[in-house]
Amino acid sequence: MVRSSNSSIQSDNAKEVLVAAHDEQEALMKALELLKSIDISITRDQDVLDTWFSSALLPLSVSGWPNKEIKGYYPLDLIETGHDIFFFWVARMVMLGLIFTGQTPFQKILLNGIVCDAHGRKISKSLGNIITPQQVVKGASLQNSQKEIEASDKAGILNDLETQKSLISVHRMYPSGIPECGTDALRFTLCSHNIKNHFINFDVTECYTNKKFLNKIWQAARFIAAAAESLEISAKVFEDFNESLLCKWDLWILSRLAHTLQQCRENFENCNLHFATAGLKKFFYNELCDVYLETTKNNIKLKSPEGYVQCSILCICLRSALQDLQLFTPFICEELLKYIPQPITVDVCKFYNSTLEAEIEAILEVCEQIRQLKSRSQISRKHEPYLRLYAHSLKALSILQPHLSEIKALTLTAKVFS
């Protein structure tokens with residue numbers, strides 16, 4: 001690419017054109033023909049790479065090529081990008097990598113779908129449905145969103161028609177504004193979708209729900225940290241950890257933890273991030289917070305021997321699960337891990353027990369039916385209801401009896417008889 005002008009001294013009537021040529025002689029001949037003048041100077045353009053060609057050098061340039069040895073930095077393990085630019089970018093990276101190094105720049109390619117709005121429409125200026133990550137992270141009132149659209153109109157980013165569509169769309173989609181969700185909730189929400197799908201429908205409501213999920217983890221961590229401090233749970237307590245003291249519910253939550261961590265590892269390797277997030281959400285919500293933690297509160301409050309064991313189990317489960325969740329929500333996990341006592345290294349995998357899980361699952365189903373019955377009958381905790389369980393066989397009775405205290409805690413009843 002050659003830059004030509006019809007005067008070596010810049011003046012008002014100087015002209016400047018760009019010509020493409022193989023060498024300076026060819027560029028000069030083309031410039032003479034275009035400018036019809038012999039008073040010409042030519043300058044070689046310093047920036048000759050187009051967008052995709054320069055982008056194709058990324059795996060090499062970030063490794064210091066060609067100024068230093070790139071062994072150890074090249075090739076990369078994996079690249080994640082959109083399928084819509086596969087041939088524009090990825091194919092060029094592969095070709096240049098093979099030409100300059102003889103190796104492909106990465107071993108695996110993960111193609112994510114195109115992010116669309118909640119209705120499945122591609123996000124674009126013409127539809128007026130653009131929402132920025134900053135708006136989701138920090139929140140935006142309806143008035144502020146409208147001001148941003150008007151500012152884009154003044155800056156020439158949107159034309160008049162696009163501006164009108166955007167103003168109408170933001171009022172229809174977010175009449176109360178965009179709620180503040182935070183960075184972690186946004187990351188978790190995007191990873192909760194199957195990114196291998198061709199399209200990903202992003203809903204701010206789902207993102208806000210995930211913010212509440214992370215808030216639940218925060219509250220649970222506060223309880224566990226306070227309990228550990230009250231019981232003076234320390235490394236010494238973990239060193240004296242005796243597995244023979246564990247009850248069935250302790251073994252159950254460790255089994256569920258083992259299953260969840262194994263599920264996460266498998267799905268990380270296969271890039272099925274949505275299965276990993278679903279597994280972690282189920283463990284935190286339905287198993288650790290809503291079940292096991294509730295069954296431990298009374299023992300921890302009384303500072304009974306069982307309370308010490310259960311507080312230790314809570315610390316082990318929370319730290320282990322947070323370490324896997326940290327890949328999706330780094331900020332909240334990094335903060336919470338500062339306050340949870342560091343347990344000894346426990347081989348969680350050995351606690352997996354499908355038979356025990358089936359037994360506890362049956363008890364949890366009983367608890368669920370009781371809670372639904374209370375809800376239909378509008379019976380709350382303030383009524384201090386008594387619960388009487390009738391077993392249809394001696395076998396069923398033998399299954400229920402060891403779990404009466406946990407059933408009492410999970411059904412919010414004053415007493416349980418069987």
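Heavy-atom basis, side chains included; hydrogens, waters and symmetry copies ignored. Fair warning: this is a prediction, and the values are worked out from it, not measured in the lab.
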To the nearest 0.5 Å, how far apart are OG1 in Thr413 and CG in Leu389? 8.5 Å

To the nearest 0.5 angstrom, please state how far the CG atom of Asn194 sits from the CG atom of Asn197. 4.0 Å

Test Leu254 against every option in Tyr292, Phe351, Tyr352 by the side chain to side chain contact (heavy atoms under 4.5 Å, CB included) rule and name the one that passes. Phe351

Would you say the side-chain atoms of His383 and Ser380 include a donor-acceptor pair closer than 3.5 Å? yes

Residues forming a side-chain hydrogen bond (donor to acceptor under 3.5 Å, both in side chains) with Glu357, sequence neighbours excluded: Ser255, Arg256

Lys138, NZ atom: more than 12 neighbouring heavy atoms under 6.0 Å: no

Taking side-chain contact (heavy atoms from CB on, under 4.5 Å) as the test, write out the residues that go with Ala276, two or more places apart. Cys264, Asn267, Phe268, Phe328

Arg319 side-chain N/O to Leu337 backbone N/O, donor-acceptor pair under 3.5 Å: yes

Apply salt bridge (Lys or Arg N to Asp or Glu O under 4.0 Å) to Arg371 and list each qualifying residue two or more places apart in sequence or on a separate chain. Glu368

Does Asp347, at its CG atom, have more than 12 non-hydrogen atoms belonging to other residues, nucleotides or ligands within less than 6.0 Å? yes

May I ask you to say whether Arg381 pairs ionically with Glu384, meaning some side-chain N is under 4.0 Å from a carboxylate O? no

For the CD atom on Gln372, are there more than 12 heavy atoms of other groups (residues, nucleotides or ligands in this structure) within a distance under 6.0 Å? yes

What closest approach, in Å, do Leu257 and Ile316 show between heavy atoms, and which atom pair accounts for it? CD2-O, 4.4 Å

Taking the basic N atoms (NZ, or NE/NH1/NH2) and the acidic carboxylate oxygens, is any pair closer than 4.0 Å for Lys216 and Asp290? yes

Who pairs with Asp324 by side-chain hydrogen bond (donor to acceptor under 3.5 Å, both in side chains), at least two apart in sequence or on another chain? none

Would the number of heavy atoms belonging to other residues, nucleotides or ligands and lying under 6.0 Å from CD of Gln134 be above 12? no

Write down the atom of Gln103, the atom of Pro75, and the distance for their closest heavy-atom approach. NE2-CD, 3.9 Å

Taking all non-hydrogen atoms of both residues into account, name the closest pair between Trp249 and His403 and its distance. NE1-ND1, 2.9 Å

Is the number of heavy atoms from other residues, nucleotides or ligands under 6.0 Å of His83 NE2 greater than 12? yes

Beyond-backbone contact of Leu373 with Ile379, side-chain heavy atoms, under 4.5 angstrom: no

Checking Asn353 side chain against Leu356 main chain: does a donor-acceptor pair fall under 3.5 Å? yes

Heavy-atom closest pair, residues Ser55 and Trp89: O-NE1, 3.0 Å

Within the 3.5 Å criterion, strictly below it, is a donor on Asn299 or Gln310 matched to an acceptor on the partner's side chain? yes

Could you check whether Glu26 pairs with Lys30 (Lys NZ or Arg NE/NH1/NH2 to Asp/Glu carboxylate O, under 4.0 Å)? yes

Does any non-hydrogen side-chain atom of Leu261 lie less than 4.5 Å from one of Ser320? yes

May I ask you to establish whether Lys297 and Phe223 are in a cation-pi arrangement, using a distance under 6.0 Å from NZ or CZ to the six-membered ring centre and at most 45° from the ring axis? yes

With Phe188, which of Phe284, Phe213, Tyr208, Phe331 fulfils ring pair (Phe, Tyr, Trp, His ring centres under 6.0 Å)? Phe213

Would you say the side chains of Ser304 and Glu306 form a donor-acceptor pair under 3.5 Å? yes

Under a plain distance cut-off of 3.5 Å, with no hydrogens placed, do His193 and Glu206 share a side-chain donor-acceptor pair? yes

Got a sec: does the CD of Glu294 have more than 12 other heavy atoms crowding it under 6.0 Å? yes

Would a distance-only check, ignoring hydrogens and angles, find a side-chain to backbone donor-acceptor pair under 3.5 Å from Ser141 to Asn144? yes

For atom CG of Leu302, decide whether the heavy atoms of other residues, nucleotides or ligands shown that lie under 6.0 angstrom number more than 12. yes

Can you confirm whether Tyr386 is buried at OH, in the sense that more than 12 heavy atoms of other residues, nucleotides or ligands lie under 6.0 Å from that atom? no

Residues which pass side-chain hydrogen bond (donor to acceptor under 3.5 Å, both in side chains) with Asn272, listed by chain and number, not counting sequence neighbours: Lys196

Side chain proximity check, Glu406 to Ile363, heavy atoms < 4.5 angstrom: no

Can you see which heavy atom on Leu293 is nearest to which on Ala220, and at what distance? CD1-CB, 4.1 Å

Is there side-chain contact between Leu314 and Ile340, with at least one heavy-atom pair below 4.5 Å? no

Tyr308 six-ring centre to Lys303 NZ/CZ under 6.0 Å and within 45° of normal: no

Please check if the side chain of Ser169 supplies one atom and the backbone of Lys165 the other of a donor-acceptor pair under 3.5 Å. no

Locate the shortest heavy-atom distance separating Asn201 from Gly120; write the atom from each residue and the value. OD1-CA, 3.3 Å

Check residues 57-65 and write down every donor-acceptor pair under 3.5 Å in which the side-chain atom is one partner and the other belongs to a residue at least two apart or another chain.
from: Ser61; atom 1: OG; to: Leu57; atom 2: O; distance (Å): 3.1
from: Ser61; atom 1: OG; to: Leu58; atom 2: O; distance (Å): 3.3
from: Ser63; atom 1: OG; to: Pro59; atom 2: O; distance (Å): 3.0

Is it the case that the side chains of Lys281 and Asn286 hold a donor-acceptor pair, with the cut-off being a distance below 3.5 Å and no angle test? no

